[in-house]
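Structure first, commentary second.
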Amino acid sequence: MSTVRFATNGNATNGGTNGVAKEAKGNGNGNGIDITNGGKLNNANPPKVYIGSPHKDFNPSSNDSLDGNHCTYELVQSVAQFLLDRVSIRPKIGIICGSGMDGTTGCLADALTNSTSFPYETIPYFPTPTVPGHMGRLVFGYLGDVPVMCMQGRFHYYEGYPLWKCAMPVRVMKLVGVTHLLASNAAGGLNDNYNVGDIMIIKDHINLLGFAGNNPLMGPNDERFGPRFPAINRAYDAPVRRMAKQVASEMGINDITHEGVYSVVGGPSFETIAEIRMLAALGVDAVGMSTVHEVITARHCGITSFAFSLITNKSVTDYESYEEPNHEEVIDMGKQREPVLKEFITRLVKKIEADRLSSK
Ligand SMILES: O=P(O)(O)O[C@H]1O[C@H](CO)[C@@H](O)[C@H]1O
Ligand SMILES: Nc1nc2[nH]cnc2c(=O)[nH]1
């Protein structure tokens, strides 16, 4: 392997910035040094930020290709190997942070210890997020004692990416060794019993994009990922949902925790009143613009999946109302709920890991 370059966010004794391609975002002071340049650190395990260029040290195999409608198994394998060559952590749990839950000081990814983060633009073939509130880096580290990899920023259809590309990082997780996915999102609440700030454990989804003929699994199927026609009726793992409800009880947040049906729409426009009424009539409890393509891709390749929504706004159902949903309130609510969500996820990850180890 050629020289691997990282910057650290810890306090460097020399305060140097040699070789730093970009300042680390939202995590410490961004006072990066290139550890390959002999910088001395005063912290044993400061957060590290990879500062390489994506294709410089990337050695794809001969069957790598990323054409208009799919990305080969070999390419995903090469991307996974690129990451594995640069981190020693071997996570079994992958986390995707929703809008407003991934970009603030004190957010989940910042809670990881011994962390190494890869800005998405440094990872070969990774898309880059364009949405405020989605930071754009892949962080490896320990949440409590549990090794995890965490997507701080996800990809949406409305950004212009095809669904398979939005979900490609999930396949990278799979080939890194992840067995469990934990995805969060911000969503509008349709269920009358839900309030802004509540958590909805997703028990099922209605894939409206799929109904319209758009699915992340469209295109050539590689059986090494999974079957051509995967079953998706048990997408949201029942035992993990039970663990999540147990966590909610232990935290004393049962009153704000629900279980319900999520529906994905393409966005970026929010829903009309007629659309909200239609979704409610279909049995939808919360609506958003993500997660479903990630969970379908995860289930296809055998990853156990769990997802929850933070209800960031109540869907407007009244033609007399002057209320309008907006992305700022979505991000604000994510920030406000950060401590609770961080605790919720940390406890859940601990339970998943204990269960995983005991059922080996
Ligand atoms: O699903 P996440 O990424 O949490 O974000 C949700 O919030 C944004 C709208 O405010 C949309 O991107 C919607 O999907
Ligand atoms: N589609 C959709 N996505 C959201 N994300 C956060 N709130 C909403 C909402 O009301 N509708």
Side-chain angles (χ1 to χ4, degrees), residues 93-102 108 127 129 131 133-134 149-159 161-174 178 180-191 194 198-212 214-217 230 232-237 240-241 244 258-268 270-271 279 282-301 303-313 315 327 330-331 333-334 337 341 344-345 348:
I93 300 178
I95 300 172
I96 302 177
C97 297
S99 280
M101 295 170 243
D102 74 344
L108 183 83
V131 191
H134 286 274
M149 64 191 285
C150 178
M151 280 179 69
Q152 215 178 349
R154 62 148 57 90
F155 309 104
H156 306 84
Y157 188 58
Y158 62 75
E159 292 175 76
Y161 296 118
L163 286 178
W164 64 262
K165 198 165 192 177
C166 293
M168 173 223 183
V170 172
R171 288 185 163 173
V172 172
M173 283 183 177
K174 170 72 182 181
V178 162
H180 288 69
L181 174 71
L182 202 161
S184 63
N185 64 54
L190 281 78
N191 188 313
Y194 295 3
D198 286 1
I199 293 170
M200 184 187 86
I201 294 167
I202 301 181
K203 72 169 179 215
D204 204 352
H205 69 229
I206 293 182
N207 181 10
L208 280 184
L209 290 178
F211 280 20
N214 201 347
N215 188 296
L217 305 181
I232 212 78
N233 53 309
R234 294 170 60 240
Y236 300 87
D237 191 67
V240 179
R241 281 190 280 125
H258 315 276
E259 196 171 32
V261 174
Y262 175 86
S263 184
V264 64
V265 296
F270 289 105
E271 296 68 39
L279 291 172
L282 290 177
V284 172
D285 298 297
V287 60
M289 307 171 195
S290 70
T291 307
V292 167
H293 52 273
E294 298 153 354
V295 168
I296 290 175
T297 303
R299 286 307 303 138
H300 179 244
C301 63
I303 295 179
T304 301
S305 300
F306 170 83
F308 74 87
S309 299
L310 173 67
I311 305 300
T312 52
N313 54 290
S315 299
H327 191 56
V330 168
I331 292 183
M333 188 41 62
R337 280 296 195 215
L341 299 181
F344 181 72
I345 294 171
L348 181 56

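These numbers come from a predicted model, not from an experiment.
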Residues at least two apart in sequence or cross-chain that pass ring-ring contact (aromatic ring centres under 6.0 Å, His included) with His293, listed by chain then number, are none
Heavy-atom check, side chain of Asp237 versus side chain of His180, under 4.5 Å: no
Which distance, rounded to the nearest 0.5 Å, do you find between the CG of Leu182 and the CD1 of Ile345? 6.0 Å
Set of side chain to side chain donor-acceptor pair (under 3.5 Å) partners for Tyr157, sequence neighbours left out: Asn214
Mind checking side chain to side chain contact (heavy atoms under 4.5 Å, CB included) for Pro169 and listing every partner two or more places apart, or none if nothing turns up? Phe126, Met151, Phe155
Sorted by chain and residue number, the ring-ring contact (aromatic ring centres under 6.0 Å, His included) partners of Tyr194 (sequence neighbours excluded) come out as His258
I'd like to check the side chain to side chain contact (heavy atoms under 4.5 Å, CB included) partners of Asn313; sequence neighbours left out, ordered by chain and number. Pro325, Glu329, Val330
Which heavy atom of Leu181 sits nearest to which heavy atom of Ala298, and what is that distance? CD2-CB, 3.9 Å
Across all chains, not counting sequence neighbours, the salt bridge (Lys or Arg N to Asp or Glu O under 4.0 Å) partners of Arg154 are Glu294
At what distance, to the nearest 0.5 angstrom, does CG of Leu341 lie from SG of Cys97? 10.0 Å
Mind listing the closest non-hydrogen atom pair of Pro230 and His300 along with its distance? CG-CD2, 3.7 Å
Measure across Arg299 and Arg234 and return the closest heavy-atom pair with its distance rounded to 0.1 Å. NE-O, 4.1 Å
Nearest 0.5 Å, please: how far is CG in Leu348 from CD1 in Ile201? 8.5 Å
To the closest 0.5 Å, what do you measure between CE (Met289) and OG (Ser99)? 8.5 Å
The side chain to side chain donor-acceptor pair (under 3.5 Å) partners of Arg241 (sequence neighbours excluded) come to Glu259
Nearest 0.5 Å, please: how far is CE in Met101 from CE in Met333? 11.0 Å
Any residue meeting ring-ring contact (aromatic ring centres under 6.0 Å, His included) with Tyr262, in chain and number order, not counting sequence neighbours: none
I need the full list of side-chain hydrogen bond (donor to acceptor under 3.5 Å, both in side chains) pairs touching residues 199-211, with sequence neighbours left out, sorted by first then second residue. His205-Tyr236
Show me, pair by pair, the donor-acceptor contacts under 3.5 angstrom made by side chains of residues 304-312, not counting sequence neighbours?
residue : atom : partner : partner atom : Å
Ser305  : OG   : Ile303  : O            : 3.3
Ser309  : OG   : Asn185  : OD1          : 2.8
Thr312  : OG1  : Ala187  : O            : 3.4

Return the set of residues passing side chain to side chain contact (heavy atoms under 4.5 Å, CB included) with Thr297 (not counting sequence neighbours), or none when no residue passes. Ala167, Val170, Arg171, Pro216, Leu217
Hey, are the side chains of Leu279 and Leu208 touching, using non-hydrogen atoms and a 4.5 Å cut-off? yes
Backbone N or O of Ile206 within a donor-acceptor pair of the Ser263 side chain at under 3.5 Å? yes
Where is the tightest heavy-atom contact between Ser315 and Val287, given as atom of each residue plus distance? OG-CG1, 4.2 Å
For Glu271, which residues count as a salt bridge (Lys or Arg N to Asp or Glu O under 4.0 Å) partner, sequence neighbours excluded? none
